[in-house]
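Just so it is clear, the structure is predicted and the values come from calculations on it, not from any experiment. So you know, we letter chains A, B, ... as the sequences are listed, proteins then strands, and number each from 1.
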Amino acid sequence: QIQLVQSGPEVKKPGESVKISCKASGYTFTQAGMQWLKQAQGKSLKWMGWINTNTGKTTYAADFTGRFVFSLETSASTAYLQITNLKNEDMATYFCARAAFAYWGQGTLVTVSS
Amino acid sequence: DIQMTQSPSSMSASLGDRVTITCQASQDIGNNLIWFQQKPGKSPRPMIYYATNLANGVPSRFSGSRSGSDYSLTISSLESEDMADYHCLQYKQYPRTFGGGTKLELK
């Protein structure tokens, strides 16, 4: 069965970086793009962008350019989201979701606190 | 960007009630809309694809409809397990955009 398993919760200080992983199984990794989404506590979802798992081409939503990087380790069927220079407003749960939104990771909570 | 205006933001209803949640799109999105259910601490679960198509395993009391730029999710007879947040998402254009969400609670 198709599964997306994300890395565990992170606690970081402002200015630090975090890298979240999303390991896919149950299908051929390169056959479906991977999307990233943000959900702050008590808020709705925000689409951050997606990465083409075949070519590595990335597309970022306007609010997620500069400090946000999507990457791949295709041999490990894993997608990554890295956030640099963390700010308080980055504190949220981050989800990966396979193209068409049928399959989601369990979410990774990133806490930013000094 | 396409704006999705979702209403109501919260509502309370009784078991057995008919419940309708609506999203209005600021531009034409055709039927490129998904409804999600999200329970606390869980990932969103797709309920309705392409505005009107029930996702696999979703109970038949859920349905989706469209009237022009207005999209609705209806629960015909509310059950306790339906208490959750509901989100709409348009996937006609980048960036994909969500409605503001609806919190459905038991009266």
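Atom CD of Glu16(A) has more than 12 neighbouring heavy atoms from other residues, nucleotides or ligands inside a 6.0 Å radius.
Counting heavy-atom pairs closer than 4.5 Å to chain A, the top residue among Gly101(B), Gly100(B), Ala55(B) is Gly100(B). Across Asp1(B), Asn56(B), Leu89(B), the residue that shares the most heavy-atom pairs under 4.5 angstrom with chain A is Leu89(B).
Phe68(A) and Phe64(A) have perpendicular rings, their planes meeting at more than 60° on a 0 to 90° scale where under 30° would count as parallel.
Within the 4.5 Å cutoff, the side chain of Leu72(A) has heavy atoms near those of the Thr53(A) side chain. At a threshold of 4.5 Å between non-hydrogen side-chain atoms, the residues Val18(A) and Thr108(A) do not count as touching.
A donor-acceptor pair shorter than 3.5 Å can be found between the side chains of Gln6(B) and Thr102(B). Looking at Thr93(A) and Gln39(A), their side chains never bring a donor and an acceptor atom within 3.5 Å of each other.
Listed in order of number, the residues of residues 29-40 of chain B that approach chain A to under 4.5 Å between heavy atoms are Ile34(B), Phe36(B), Gln38(B).
Residue Phe101(A) touches chain B through both its backbone and its side chain, counting heavy-atom pairs closer than 4.5 Å. With a 4.5 angstrom heavy-atom cutoff, Ala62(A) does not touch chain B via any of its atoms. Contact of Leu109(A) with chain B is not made at all, since no heavy-atom distance falls under 4.5 Å.
Put simply, Phe95(A) and Val5(A) are part of two different groups of oily side chains (I, L, V, M, F, W, Y) that touch within less than 4.5 Å, one to the next.
The salt bridge (charged side-chain N to carboxylate O under 4.0 Å, His left out) contacts involving residues 75-87 of chain B comprise Arg61(B)-Glu79(B), Arg61(B)-Glu81(B), Arg61(B)-Asp82(B), Asp85(B)-Lys103(B), where partners must be two or more places apart or lie in separate chains.
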